[in-house]
Chemist: 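Encoded as structure tokens, here's the structure I'll be asking about.
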Amino acid sequence: MGSTNSTLSKIPNVEELMQETGFTPAHIVRLYDRFEALDKEKTGHLRPQDFGAINRLAMNPIGDRIIGAFFSPGQETVDFHSFVRILAHFRPADKKRPKDPSMPEPVNSRTSKLKFAFQLYDQDKDGKISRAELLQVLRSMLEMQVTEEQLESIADRTIQEADLDKDDAISFEEFRKSLEKVNIDHKMSIRFLR
Amino acid sequence: MACRTCLWLLGTTFFTCTVRLVVEGTEVGATQESHPEPGVVGSNHSQAGGGHGSSISGIQIVTFKWHHVEAPYLIALWILVAGVSKMVVELNHSLTSVIPESALLIIIGWILGGIIYGADKMQTFTLTPTVFFFYLLPQVILDAGYFMPNKLFFSNMGAILVYAVIGTCWNAATVGLGLWGCWLGGAMGDIDIGLLQFLLFGSLIAAVDPVAVIAVFEEVHVNEVLFIMVFGESLLNDGVTVVLFNVFDAFVSLGGAEIDAVEIIKGIISFFVVAFGGSLVGIIFALLISLLTRCTKNIQIIEPGFIFILGYLSYLTAEMLSLSAILSIVFCGICCQKYINANMDERSVTTVRYVMKVLANGSETIIFVFLGISAIDPAVWVWNTGFILLTLLFIFVFRFIGVFLLTWILNKYRLVPLEFIDQVVMSYGGLRGAVAYGLVAMLDENKFKEKNLMVSTTLIVVYFTVMLQGITMKPLVTWLKVKRAAVTELTLAEKIQNRTFDHMLVAIEDISGQIGHNYMRDKWHNFEERWLCWFLMKPSARKSRDYIFNIFHQLNLKDAMSYVKEGERRGSLAFVRNETKADVDFNKKFRASFSEIMPDIMADNMGPDHVPLSSILQDIVPSVCLDMHEQDLTMRESEDFNAHHLLQQHLYRGRKQHRHRYSRSHLETNRDENEVQEIFQRTMRSRLESFKSAKMGVAPAKKIQTKHQKKDKPQKMPNGNSSDKSKNHPYGDKDFEFSEGDGGSGGEAAGDLFPMRAYRVEAGIVNPAFMAEMDPMDNMQQIPHVALLPQTLNSFDT
């Protein structure tokens, strides 16, 4: 597994990364080991097929979307920094963080997590979840028995419930509002291994 | 119906008693009727008089030879009675959902015991330790070991061991010392007992009982981690119990004066010897079983028998060597599962599973009924308020304290901490059962003057935990959960989003390698793949694992590709929902083109043993094609539309919600597997679809270089993926973990073959004209999409 310090020195800009994401050195090392394990050809970048090699993602209805979320638009590869940054969204929120408006929103705050979730739906990045986009997600998450009509009805009803300005699409604000009662921190956090 | 079975039950018992009585009566020469006989017995009575005891005056045409068959008859009759009791208990489902079956069986045992006592004026049938430990307990534990979800068990092994060893020692010590202290304080009056005897009693009453735990948790659905904790603890604490029991028994025999440091150290050493020795015996027998099943191809019809016999032998061998018999049989079951399931014919596997359940269930029923019957025996009842009440109090309180203390320590080291509600359930679920009773009945009356007191107390403890705690467990869990969960009705958006979050978390966990990536586990897997599977599995089983995983995957790919082609040809993918035509065509087409793929695959997978792949593949082919169409696509236009209801029914459950349920009475259904299979196929299809559309877009150009331009949207990865190995495995429904365990198979060795193989697979699928133009190897690098396909066949579990 390598000692912490020697591995850390291999990673460029590691302090900046830790500062930005809030991961401890031990976490970073752990994630680096994982990154290297995934990066079979040792190019220092991950490509879609490296993610694809993870069996279990194929058994996840939104697995491919999640993979896509790692890749910024236009980019074909993910480097370690981006990898860690995306994963940092899933750190449990720091409860004791002081509300400092001058500092940028930390990656694992409630808003950032919601933004991540929003982007999963909003593939064309227009800031709104259109009916078609919602249909796509629903289709992938529901069993094949459900007919197209039923899917559309569900999508319609969902938009109806959440859409406050009646533009037949869900904006980020509406999305956030519809989930205000949900404990996002609990639902979107995993405890990373030391 | 209920009346009839009850009457029949009573009738059988009457019959048993009367027959015995009558027989004894005729022997002695006097008939004793102490209760009214049903008419059916009367006729036998007259015959009995004629058959026995009188000198032969002529040839008897028919004789009543009771003694000839007494023993087996009674045994069979009692098994029947137990079975019928279970039937009676299960008549009313609303009753069993409130009161656990085990409690009801004990009540029936009381009734039966009452009848017998009334008939015989003594308790002729009790649960003797010999019968219990040799004939009733082994199959229950073997069942537990064989169906144990290994992955879950071993990943929580540390915590389980802590609870089993330290927890049990804590319980034993505190209960023993507590009682002793109270005795010294005079709370129990004047009884002839000492510190050592208290400690012994503490050690036998401290152990959580596997039979009781399963019986109660069956009805209460708790999360899998919690279940495995309590269940694992109940199985493993036998090591400690056996040691403590023997050590204190020896101490009592020696007398207090002889105990010095040496003896205590010997006691501690004996713990390690007993525990590890027992496990070792179990593992050796597991190896034997696996090796044996490797060679039983010609006697498949009796294959299942070997499992049971060898399992039982492992139990007896450990018992013979004074090691922990329960640990032995548990590890035997745990270690041999995988190999025997692979080695044996599918029908044998099914037989083993069902017979195991029958035996275990039957034994459990008999145990509980007899626990009830054994109570109705005034000879063993000694009432000492102080002793009994204090015991109850102490085991309850100290269990809670122990669990909370240990969990607090463990949570510092665990990935996923155990929550408060889990701890409460775990403490409350520390049920005592028949094992404690068996142990206490084994005590020697001469050494333990207060044996009867202990027996009575044990019975009361068992009844208290099984019945009271069993009945209140479910309401407690429900109440606690309800207290925590939100009560408001969720909106559609929330429901969908919650599920999305679940899937998201699972995906992120997989990507970040939280669960799969573990150094020790990887090393174990590698070791296992290289050595154990080679040694313990039949060559054909090994081969089929490798082949099937790769080939199933290839077939699935091909299958999905043709499917997509079909859909595109027809204009839209909406036809997915139309089952009629596509079904038939597809199957026929598939079978016809089956042979296309065969030569390619055979060529690549040359191994020392040439296994007839076709036979293996024939088995999986049907399941490969059919599954894609077997969804029941009934149109529900007539039903009222209800979005909430639909979501409830049809949202895919995330992996976290797949339960590894160990159940005494149900064999696992395939539902989770079907769902995962469906998801997998859809993902594959969508990936291939985009892959395909990329290629189709380029095909007309027939130029290799143009392929570079294709930039697929990131979320639709044009790479396939390695197959989910456990699905469509010819050996029926397998535990989910099976796939996860076999990451490395075939992947490394065949790495360089992949491009070739992938290529040829494609040849069968994609436009052949394409192929002619492609120069295989050096264009691999230039063509990212083609190069992707090799990755699909890589069966690494990263």
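Below, chains carry the letters A, B, ... as their sequence lines are ordered, and counting in each starts from 1. For the numbers below, each heavy atom of this structure counts, side chains included, while hydrogens, waters and symmetry mates do not.
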Chemist: Verify, without hydrogens or angle tests, whether Lys113(A) (side chain) and His89(A) (backbone) share a donor-acceptor contact under 3.5 angstrom.
Modeler: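 It does hold such a pair.
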Chemist: Checking Leu120(A) against chain B: side chain, backbone, both or neither under 4.5 Å from a heavy atom?
Modeler: side chain
Chemist: Among Ile62(A), Ile86(A), Leu142(A), which residue forms the greatest number of heavy-atom pairs with chain B at distances under 4.5 Å?
Modeler: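 Counting heavy-atom pairs under 4.5 Å, the top option is Leu142(A).
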Chemist: So which heavy atom on Thr500(B) is nearest to which on Met141(A), and how close?
Modeler: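 So the two residues come closest at OG1-CE, 3.4 Å.
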Chemist: Hey, is the main chain of Leu17(A) close enough, under 3.5 Å, to the side chain of Asn13(A) for a donor-acceptor pair?
Modeler: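 Looks like no, no N/O pair under 3.5 Å.
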Chemist: Need one label for Ile170(A): side chain, backbone, both or neither, based on atoms under 4.5 Å from any heavy atom in chain B.
Modeler: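 For Ile170(A), no heavy atom lies under 4.5 Å from chain B.
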Chemist: Measure Phe175(A) against the heavy atoms of chain B and call it side chain, backbone, both or neither at under 4.5 Å.
Modeler: side chain
Chemist: Is a donor from one side chain sitting under 3.5 angstrom from an acceptor on the other, for Asp79(A) and Ser82(A)?
Modeler: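 Per modelled atom types, Asp79(A) and Ser82(A) side chains form a pair under 3.5 Å.
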